[in-house]
2 protein chains.
Amino acid sequence: MKRDWTKKTTRGAQRTLDAFTAAMLNALTGKPFEQITVNELCEKSNYPRATFYNYFDDKYDLLHYIWHCLNRQIRLEQYEETEPEQRLFVLFDRAYDFIEAHQGTLNRIIKHNAKESFLLFHFRVQLGDRVREMFDPNICRYRDQVPHEIIADHYCNTVLLVLEWRFLHGNDGSKEDTLRYLEHLLGALNAKSLHEF
Amino acid sequence: MKRDWTKKTTRGAQRTLDAFTAAMLNALTGKPFEQITVNELCEKSNYPRATFYNYFDDKYDLLHYIWHCLNRQIRLEQYEETEPEQRLFVLFDRAYDFIEAHQGTLNRIIKHNAKESFLLFHFRVQLGDRVREMFDPNICRYRDQVPHEIIADHYCNTVLLVLEWRFLHGNDGSKEDTLRYLEHLLGALNAKSLHEF
DNA sequence: TAAATATTTGGACACTTGTCAAGATCTCAA
DNA sequence: TTGAGATCTTGACAAGTGTCCAAATATTTA
């Protein structure tokens with residue numbers, strides 16, 4: 001991470017970042033991530049190597065940046081208005097729609113990267129950070145039973161589990177079915193939290 | 001993976017494998033995984049680079065092998081005698097004791113590798129495969145409600161979540177406390193499965 | 001506008017990576 | 001004990017990686 005991605009970039013810098021992003025996504029539809037070289041990305045995007053290293057530490061860093069940008073597209077801001085146990089379903093809802101909207105690209109990528117399960121690992125990590133914010137200990141009520149970090153991670157894991165089952169492992173099924181699995185897995189916690197209100 | 005790790009190795013090969021394993025574990029106690037080079041491992045173990053590549057594709061592959069060996073040390077064989085929902089607690093029990101026994105080495109490693117969360121990623125994957133076997137669909141009873149792969153992964157995630165919270169995130173606490181968190185997170189599923197008997 | 005300042009570019013460098021074919025060394029049956 | 005076959009070891013090679021610096025270009029400031 002050579003620079004702060006949350007800061008605003010100049011128009012020129014954004015053009016460069018977009019070009020490398022496009023080059024990587026394009027390369028990923030044709031071969032596994034491990035086989036992609038920085039040289040190749042520079043050829044595809046018509047930028048010299050030094051420019052690449054101006055922005056990124058290495059190709060993993062670029063991947064990291066791409067996940068960051070995609071993650072930002074999942075809008076969760078309105079969660080503050082909802083009750084804690086509802087927030088999880090807001091997250092599920094937005095993430096489901098987002099992934100469904102990008103299913104074409106996703107399928108092309110995992111076709112060559114089915115075994116590189118770590119590809120999506122940092123996406124998980126980033127989403128996990130956001131989920132942890134959503135279940136701030138000051139707001140949630142499970143404190144006395146289980147540490148809130150465990151609850152937040154468990155929520156994050158479970159949402160991602162059903163989403164990965166649906167979209168990554170080639171399982172068909174409606175959004176409602178997937179939601180039902182999520183509700184079933186979290187049945188106990190939600191029943192308890194409802195009871196506490 | 002250059003060769004089948006489940007096959008028996010010759011004495012000479014085993015000596016070489018052990019040397020590289022020791023070199024990696026030793027290196028990990030001094031610096032982050034990313035900064036370790038194959039050259040360094042060869043210097044430490046007094047083997048030429050080509051020998052390393054004889055056994056492993058790269059340093060990730062060696063790490064993979066090390067997790068495989070460690071994983072084999074967690075003995076779960078007797079699970080067939082127990083009821084499905086008890087197996088999870090057998091897994092928890094064995095894994096907890098195993099990690100606790102290696103806590104010294106583990107702490108030295110994560111001291112330099114706290115941010116390299118993917119280090120343990122493949123360990124998770126491998127343990128997940130074993131957990132999935134434990135909850136074979138022919139034996140488990142949740143088929144009609146949630147696909148059994150989801151249940152198995154959810155069990156695996158949850159056990160690993162509480163173990164990581166306990167040992168990786170620097171939280172103290174008794175085995176009983178940790179077990180209580182696990183039971184709480186899985187409360188609904190177990191209540192249901194008990195009911196079905 | 002023009003000078004001052006910052007960013008981008010290209011090439012050179014030292015180093016790491018993964019492969020290969022040839023040579024050394026083990027192993028086991030005769 | 002011996003020697004054919006299998007396995008293990010090795011140095012050299014081509015390609016990739018990440019850094020550095022000075023020249024070229026862009027951006028900001030006066």
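Residue numbers begin at 1 in each chain, while the letters A, B, ... track the order of the sequences.
- Contact annotation for A:Phe56: no contact, since no heavy-atom pair falls under 4.0 Å across all strands.
- Each of B:Thr10 and B:Asp57 was assigned the nucleotide of DNA chain C with the nearest heavy atom; the assignment lying further toward the 5' end belongs to B:Asp57.
- Side-chain polar atoms of B:Asn39 and B:Thr37 form no donor-acceptor pair below 3.5 angstrom.
- Remark: A:Lys2 is not positioned above the aromatic ring of A:Phe56, lacking an NZ or CZ atom under 6.0 angstrom from the ring centre and at most 45 degrees off the axis.
- As judged by a 4.0 angstrom heavy-atom cut-off over every strand, B:Arg15 is placed among residues making no nucleic acid contact.
- The aromatic ring centres of B:Tyr55 and B:Tyr65 sit 6.0 Å or more apart.
- A heavy atom closer than 4.0 Å to some atom of DNA chain C occurs in no member of residues 58-69 of chain A.
- Between B:His154 and A:His154, the distance separating the two ring centers is shorter than 6.0 angstrom.
- Nearest approach of B:Ile109 to B:Leu25, heavy atoms of both residues: CD1-CD2, 4.1 Å.
- For A:Tyr53 and D:dT19, the shortest distance from a side-chain N or O to OP1 or OP2 is not below 4.0 Å.
- Mapping A:Lys2 and B:Thr51 onto DNA chain D by nearest heavy atom places B:Thr51 closer to the 5' end of the strand.
- Per the geometry, CD belonging to B:Gln14 stands 16 Å off P belonging to D:dT7, to the nearest Å.
- You'll find the ring centres of A:Phe167 and A:Tyr96 inside the 6.0 Å limit.
- Between B:Arg11 and B:Phe52, the residue whose closest nucleotide on DNA chain C is further toward the 5' end is B:Phe52.
- Closest approach of B:Ile150 to A:Leu161, counting heavy atoms only: O-CD2, 3.6 Å.
- A ring-centre distance under 6.0 Å is not found for B:Trp67 and B:His122.
- Taking the six-membered ring where the residue is Trp, the centroids of A:Phe52 and A:Tyr47 are separated by 6.0 Å or more.
- With rounding to the nearest 0.5 angstrom, the NE2 atom of A:His148 is 9.0 Å from the CG atom of A:Asp153.
- Atom CZ in A:Arg49 sits about 7 Å away from atom C1' in D:dG16, given to the nearest Å.
- Using a 4.0 Å heavy-atom distance criterion, A:Thr16 is classed as making no nucleic acid contact.
- Sorted by residue number, the members of residues 18-39 of chain B with any non-hydrogen atom under 4.0 Å from DNA chain C read B:Thr37, B:Val38, B:Asn39.
- Between A:His102 and A:Phe98, the ring center distance clears the sub-6.0 Å criterion.
- Once you apply a 4.0 Å limit to the heavy atoms of chain A, the touched nucleotides of DNA chain C run 5' to 3' over C:dT8 to C:dG10.
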